[in-house]
There are 2 protein chains.
Amino acid sequence: MADRETRPTTVWSRPERGARGPAPERSRYEITAAALALADAEGLAAVSMRAVAQRLGTGPASLYRYVGSREELLDLMADAVAGELDLSAAPSGDWLGDLVGLALQSKAAHTRHPWLPELNDRRGEVLGPHAIDYLDHALAVLAPAPGTSRQKLEAIGLLGGLATLFARREAMAAAGEDSGAGDPPAQAAHLAAVAAEGRHPHLLAALTAAGPPPVAGPAERDALFERLLRRLLPSMLG
Amino acid sequence: MADRETRPTTVWSRPERGARGPAPERSRYEITAAALALADAEGLAAVSMRAVAQRLGTGPASLYRYVGSREELLDLMADAVAGELDLSAAPSGDWLGDLVGLALQSKAAHTRHPWLPELNDRRGEVLGPHAIDYLDHALAVLAPAPGTSRQKLEAIGLLGGLATLFARREAMAAAGEDSGAGDPPAQAAHLAAVAAEGRHPHLLAALTAAGPPPVAGPAERDALFERLLRRLLPSMLG
DNA sequence: TAATACTGCGAACATCGATCGCAGTATTAG
DNA sequence: CTAATACTGCGATCGATGTTCGCAGTATTA
């Protein structure tokens with residue numbers, strides 16, 4: 001009559017191992033690390049249960065003793081990245097500066113793990129322990145700031161989104177011509193060809209005037225990001 | 001000796017149909033429309049070649065006469081949404097106002113098609129004809145604005161990213177409690193439980209103080225978005 | 001009229017996430 | 001000490017997915 005275990009919902013609400021049988025030969029951590037390495041090396045699509053299993057020298061079915069599904073593994077990966085952030089610095093009182101520091105760290109994490117946006121786009125994202133630590137830390141930083149709790153939570157959420165956005169744009173700029181394009185040689189050539197047809201005069205002008213290489217160093221990029229945040233955040237917490 | 005057709009690269013660089021055989025029974029447009037309807041109704045994951053084919057009353061293999069791969073179909077979908085934007089209004093001279101108008105349209109499109117971010121997160125996104133029209137239009141709007149062509153292209157790109165970001169946040173807020181969570185009941189309960197353990201005092205305080213429902217209407221949301229843009233864009237084109 | 005280049009599409013393949021069930025092992029109960 | 005229990009590892013397998021092959025039929029070209 002017990003209705004079939006409706007759902008423990010998240011990885012973290014289920015115990016890592018039972019208390020009865022033999023000791024597990026692997027751990028969630030080990031599996032998550034393998035998945036992270038795979039994603040960093042070959043992209044998120046390369047993180048298949050089979051590939052992760054092979055990397056650990058076992059069969060795909062074995063992984064399901066540790067994670068309930070691939071989705072759960074992705075949740076673990078996201079939380080592992082959240083755990084990479086350094087929250088050890090105590091709030092300094094300069095909440096804006098502290099928050100900007102968090103944002104820069106977050107942006108750096110996205111640069112380290114370009115597959116993060118793809119991960120976060122899944123609906124119903126789950127907050128793991130590290131993400132919760134981050135949230136609490138950010139709220140601690142914001143304690144001396146004005147604004148309601150709801151405003152602060154929204155500001156923190158927006159902060160993460162902006163870090164993602166800027167990291168993505170910087171990655172694109174680094175990979176060649178910008179303007180929303182992807183592959184520099186092919187895409188730029190295609191754009192130029194289309195523009196040359198005459199129906200897009202402004203595009204043509206912009207492309208021919210593009211002239212000098214990007215030259216914007218990472219420090220400049222961070223500066224733009226920081227300026228935006230310093231302007232935006234106070235206006236959200238009035 | 002011809003090296004195996006390296007790659008026509010995009011859907012649009014390949015002719016829609018050959019000149020020899022029987023007339024195709026369907027068209028790229030028809031297929032794209034079916035895919036769009038499916039995505040709107042059941043999400044992007046529901047857009048499988050089989051599902052699209054079934055919706056058109058044919059077999060999966062037939063679709064490959066129109067698109068080279070599922071990826072190309074996704075490109076077509078993205079460009080179809082770009083085609084939903086109304087670019088008929090000529091630049092008014094108030095470039096900031098015109099640009100904000102474009103951004104609001106873009107945000108609305110993301111609200112209409114919640115699967116758009118998932119689409120755009122694929123690397124190497126390809127600009128179709130509608131996207132190119134949009135780009136040229138935005139550049140036309142920016143003609144009287146200060147700044148280099150590169151700055152303008154970057155501003156336009158950032159604009160799109162911000163529209164995506166805000167649309168996502170609004171969708172989350174509409175779907176229940178915010179704070180970066182997904183499923184309101186389960187996730188909020190889980191958060192509260194964790195916070196109650198005592199190690200996250202600021203989170204606990206924020207959650208218990210959350211009090212009144214969101215109440216922010218869509219007009220207010222648009223206003224926040226617009227304020228941000230009006231402040232940010234001029235500083236990017238100095 | 002013959003050659004050609006296309007169209008529609010059933011059948012099939014590789015790969016994916018996930019489940020089942022069995023053999024083996026550690027814990028617990030009596 | 002023994003039996004019952006609840007776990008672990010994992011080969012075999014399932015259903016779904018994107019994609020390809022090859023054939024029968026059709027319109028265009030020579």
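For clarity, every value in this text was computed on a predicted model and none was experimentally measured. Here is the naming used below: chain letters follow the sequence lines, and residue numbers restart at 1 for every chain.
A donor-acceptor pair under 3.5 Å is absent between the side-chain atoms of A:Tyr134 and the main chain of A:Leu85, judged by distance alone. Checked by atom type and distance alone, the side chain of A:Arg28 pairs as donor or acceptor with a backbone atom of A:Tyr66 at under 3.5 Å. Side chain of A:Arg65 to backbone of A:Ser62: no donor-acceptor contact under 3.5 angstrom is found.
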**Request:** Evaluate the side chain to side chain contact (heavy atoms under 4.5 Å, CB included) criterion for residues B:Asp75 and B:Thr10: first the C-alpha distance (whole Å), next the side-chain angles of each, then the deciding distance (0.1 Å), finally the verdict.
**Result:** CA-CA 9 Å; B:Asp75 289 341; B:Thr10 80; 5.9 Å; no
From CA spacing to verdict: side chain to side chain contact (heavy atoms under 4.5 Å, CB included), B:Phe166, B:His110:
CA-CA 9 Å; B:Phe166 272 75; B:His110 278 85; over 6 Å; no
Between A:Val52 and A:Met49, does the side chain to side chain contact (heavy atoms under 4.5 Å, CB included) criterion hold? Intermediate values first, please.
CA-CA 5 Å; A:Val52 173; A:Met49 299 305 272; 5.9 Å; no
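Separating the CD atom of A:Gln54 from the P atom of D:dG11 is a distance of 12 Å, rounded to the nearest angstrom. To the nearest angstrom, P of D:dG18 lies 14 Å from CZ of B:Arg122. Rounded to a whole Å, the CD atom of A:Glu25 is 18 Å from the P atom of D:dC7. Atom P of nucleotide D:dG18 and atom CD of B:Glu71 are separated by 11 Å, given to the nearest angstrom. Rounded to whole Å, the distance from CG on B:Leu63 to P on C:dG10 is 12 Å. If you take CD of B:Glu72 and P of D:dT20, they are 11 Å apart, rounded to a whole angstrom. Distance, B:Tyr64 OH to D:dT17 P: 12 Å, rounded to whole Å. A:Met49 has its CE atom 10 Å from the P atom of C:dT19, to the nearest Å.
Here A:Arg199 does not pair with B:Asp136 in a salt bridge; the nearest charged N to carboxylate O distance is not below 4.0 Å.
Between A:Ser48 and C:dT15 there is no side-chain N or O to OP1 or OP2 distance below 4.0 Å. A close approach under 4.0 Å does not occur between any side-chain nitrogen or oxygen of B:Ser62 and OP1 or OP2 of C:dG8. Applying the 4.0 Å criterion to OP1 and OP2 of D:dG9, one finds that A:Tyr66 has a side-chain N or O inside that range. Here B:Thr58 reaches the OP1 or OP2 of C:dC9: one of its side-chain N or O atoms lies under 4.0 Å away.
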Given Watson-Crick and G-U pairs under 3.5 Å, DNA chain D in dot-bracket ([ ] crossing, | other strand) is ||||||||||||||||||||||||||||||
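Looking at heavy atoms from C-beta onward, A:Leu165 lies out of side-chain contact with A:Arg168 at the 4.5 angstrom threshold. You'll find the side chain of A:Leu38 reaches within 4.5 Å of the side chain of A:Glu42, heavy atoms only.
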Given protein heavy atoms under 4.0 Å, the one-letter contact record of nucleotides 21-30 of chain C, with B base, S sugar-phosphate only and - none, is simply B--BBBBS--
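Residue whose closest nucleotide on DNA chain D sits further toward the 5' end, between A:Gly57 and B:Arg50: A:Gly57.
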